[in-house]
Amino acid sequence: MTGSTRFRDFFVAFASVAAVAAVCFPLADFIGYRSVALLLLLAVSVLAMRLSLWPVLVAAAMSALVWNFFFIPPIFTFHIGIGEDVLLLTMYFIVALLNGIFNHRLRQLEQIARQKEEKEAAIRLYNVLFSSLSHELRTPIATIVGAADALQENAAQLKPAQRNELIAEISTTSLRLHQQVENLLNTSRIESGSIRSKADWNDVSELIYNVLGKMKKQLANHSLEATIPEDLPLVQLDYGLTEQVLFNLLNNAALHTPPGSKIWLNAQIASEHRGHFGEQTLPEDLGIVTDSVTHTLVIEVSDNGPGFPPDEIQEVFGKFYRLKNTQSGGTGLGLFIVKGFVEAQGGTVSVSNRANGGARFIIELPVKVVKSNSISP
């Protein structure tokens with residue numbers, strides 16, 4: 001406990017006892033001074049549920065002194081005229097102290113139980129993660145090693161086509177392994193808060209088609225339809241973060257839908273609201289200016305696969321989340337990274353099930369855009 005927290009607890013203890021006494025004092029003749037003891041004891045009990053041990057013990061001692069001085073006849077003195085009141089004060093003091101100690105001990109036991117549950121949950125999560133990672137990393141490593149050994153040991157016997165096939169397998173599997181490692185590193189960056197968006201002017205169409213070009217193998221068994229307006233202007237966003245977001249969403253769609261499924265990718269500039277940055281000139285004095293409006297870049301990725309179970313759809317962006325009873329691989333980090341990278345750019349991402357079946361992800365990024373009439377033909 002820090003010094004400021006300790007001081008705050010003592011202050012709350014003093015203030016609470018003083019407030020109860022102040023309220024009860026003008027009512028003492030009506031409710032009786034013995035009833036005041038019950039109200040003070042109630043205040044100490046509440047404090048014991050909220051504060052640490054020593055402030056509660058001080059509150060218990062203070063309440064006994066306050067009750068004696070202000071309420072037990074003769075008032076405004078610590079002298080007690082009736083032996084019964086002496087016994088009552090003594091018992092009050094003992095009960096108040098025990099109440100504080102017992103409540104503090106109960107809170108400690110609850111904290112220990114909570115820590116034990118959290119530790120058990122962390123162990124379960126670690127086992128799930130270790131099992132998933134050991135499979136996801138061991139499989140591509142074994143493939144790479146096997147293909148490399150075949151190239152090295154049987155180089156003379158292999159035909160050119162076989163050699164090219166093994167090289168292609170090494171290349172593809174290396175990219176998969178690289179992606180898994182990148183997911184782990186990106187997860188660490190998100191949790192540490194070290195991600196900083198570096199917005200620059202980009203062509204959204206070019207970004208999207210670059211991602212699609214890198215995912216030919218992942219999307220080979222799916223039908224993809226991309227709808228991008230021809231007049232989509234240059235926008236200011238973080239190319240690397242947005243590229244990874246699109247890659248993860250498309251990879252997720254390909255991974256969790258059967259072969260032959262359809263995937264849709266749409267991008268458009270949607271709702272607008274006034275920004276605070278005014279007109280700006282692009283670097284290198286190109287004569288291209290932005291307008292004084294902040295636009296919203298909306299990117300939608302959807303499919304006609306099975307979608308998400310209604311009771312799991314709110315969990316899809318969780319770290320290490322994987323669909324129950326799914327046969328698909330993965331570490332459950334892809335959508336967690338999507339959410340982290342979108343939010344790092346000040347945007348939002350949502351998920352829902354399509355009415356006709358399948359999942360729909362919608363990304364909304366606040367962006368600056370180039371004025372449509374700012375570029376001369």
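Because the structure is predicted, anything quoted here is derived from the model rather than measured.
Side chain of Asn164 to main chain of Pro160: a donor-acceptor pair is present (N/O by atom type, distance under 3.5 Å, no hydrogens or angles). Distance alone, capped at 3.5 Å, places no donor-acceptor pair between the Ser261 side chain and the Thr257 backbone. When atom types are taken as modelled, the side chain of Asn353 and the backbone of Phe308 share a donor-acceptor pair closer than 3.5 angstrom. In this structure a side-chain-to-backbone donor-acceptor pair under 3.5 Å is missing from Asn202 to Val204.
By the ring pair (Phe, Tyr, Trp, His ring centres under 6.0 Å) test, Phe10 is found to be paired with no residue, residues two or more places apart in sequence or in another chain being considered. The side-chain contact (heavy atoms from CB on, under 4.5 Å) search around Glu165 returns none, not counting sequence neighbours. A search for side-chain hydrogen bond (donor to acceptor under 3.5 Å, both in side chains) contacts involving Glu243 returns Lys214, not counting sequence neighbours. By the side-chain hydrogen bond (donor to acceptor under 3.5 Å, both in side chains) test, Asn210 is found to be paired with Tyr239, residues two or more places apart in sequence or in another chain being considered. For Phe30, the side-chain contact (heavy atoms from CB on, under 4.5 Å) criterion is met by no residue, not counting sequence neighbours. Scanning for salt bridge (Lys or Arg N to Asp or Glu O under 4.0 Å) contacts around Glu343 gives Lys339, with sequence neighbours left out. For the side-chain hydrogen bond (donor to acceptor under 3.5 Å, both in side chains) test, no residue two or more places apart in sequence or in another chain qualifies with Lys217. Listed by chain and number, the residues in a side-chain hydrogen bond (donor to acceptor under 3.5 Å, both in side chains) with Arg34 are Asp85 (sequence neighbours excluded). By the salt bridge (Lys or Arg N to Asp or Glu O under 4.0 Å) test, Glu225 pairs with Lys262, sequence neighbours left out. Residues passing the salt bridge (Lys or Arg N to Asp or Glu O under 4.0 Å) test with Lys198: none are found, sequence neighbours excluded. Ala21 meets the side-chain contact (heavy atoms from CB on, under 4.5 Å) test with Val66, Phe71; sequence neighbours excluded. Legend: residues meeting salt bridge (Lys or Arg N to Asp or Glu O under 4.0 Å) with Glu300, ordered by chain and number and at least two apart, are Arg360.
Residue Ser205 is tested with Leu207, Ile208, Asp203 for a side chain to side chain contact (heavy atoms under 4.5 Å, CB included); the sole match is Asp203. Exactly one residue among Asp303, Asn252, Val245, Val342 makes a side chain to side chain contact (heavy atoms under 4.5 Å, CB included) with Phe361. That residue is Asn252.
Note that CG of Leu365 and OG1 of Thr296 are 8.5 Å apart. Values are rounded to the nearest 0.5 Å. The distance from atom CD1 of Ile363 to atom OG1 of Thr348, rounded to the nearest 0.5 Å, is 9.0 Å. Separation of atoms CG (Leu241) and OG (Ser197) is listed at 5.5 Å; rounding is to 0.5 Å.
Using a 4.5 Å heavy-atom cutoff, the side chains of Leu249 and Ile299 are not in contact. The side-chain heavy atoms of Asn304 and Trp264, taken from C-beta on, include a pair separated by under 4.5 Å. For the pair Leu237 and Gln345, the minimum side-chain heavy-atom distance is below 4.5 Å. Counting heavy atoms from C-beta on, the side chains of Val351 and Ile313 come closer than 4.5 Å. Using a 4.5 Å heavy-atom threshold, the side chains of Leu297 and Glu364 count as separate. Looking only at side-chain heavy atoms (C-beta outward), Val235 and His295 stay at 4.5 Å or farther from each other. At least one side-chain heavy atom of Pro233 sits less than 4.5 Å from a side-chain heavy atom of Ile269.
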Carefully, step by step, assess Asn266 and Thr227 under the rule side chain to side chain donor-acceptor pair (under 3.5 Å). CA-CA 5 Å; Asn266 304 318; Thr227 304; 3.2 Å; yes

Quick one, Val338 with Leu246, criterion side-chain contact (heavy atoms from CB on, under 4.5 Å). Give me CA distance, side-chain angles, the key distance, then yes/no. CA-CA 8 Å; Val338 166; Leu246 291 178; over 6 Å; no

With side chain to side chain donor-acceptor pair (under 3.5 Å) as the criterion, how do Gln244 and Asn248 come out once you've worked through the C-alpha distance, each side chain's angles and the decisive distance to 0.1 Å? CA-CA 6 Å; Gln244 188 65 54; Asn248 285 10; 2.8 Å; yes

Quick one, Leu250 with Val301, criterion side-chain contact (heavy atoms from CB on, under 4.5 Å). Give me CA distance, side-chain angles, the key distance, then yes/no. CA-CA 7 Å; Leu250 291 169; Val301 177; 4.0 Å; yes

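Taking all atoms of both residues into account, the shortest heavy-atom contact from His256 to Pro306 is O-CD, 3.5 Å. Closest of all the heavy-atom pairs between Pro55 and Asp9 is CG-CB, 3.6 Å. Nearest approach of Val17 to Ala59, heavy atoms of both residues: CG2-O, 3.8 Å. When all heavy atoms of Leu212 and Ala226 are compared, the pair lying nearest together is CD1-CB, 4.4 Å. Across every non-hydrogen atom of Ala18 and Met62, the tightest pair is N-CE, 4.4 Å. Residues Ala60 and Ser63 share a closest heavy-atom pair of O-OG, 2.7 Å.
Sparse packing is recorded around CZ of Phe11, with 12 or fewer heavy atoms of other residues, nucleotides or ligands lying under 6.0 Å away.
Follow the hydrophobic side-chain contacts under 4.5 Å out from Phe69 and you never reach Val23; the two are in separate clusters. Phe70 and Leu38 are assigned to two separate hydrophobic clusters, defined by single-linkage of ILVMFWY side chains at heavy-atom distances under 4.5 Å.
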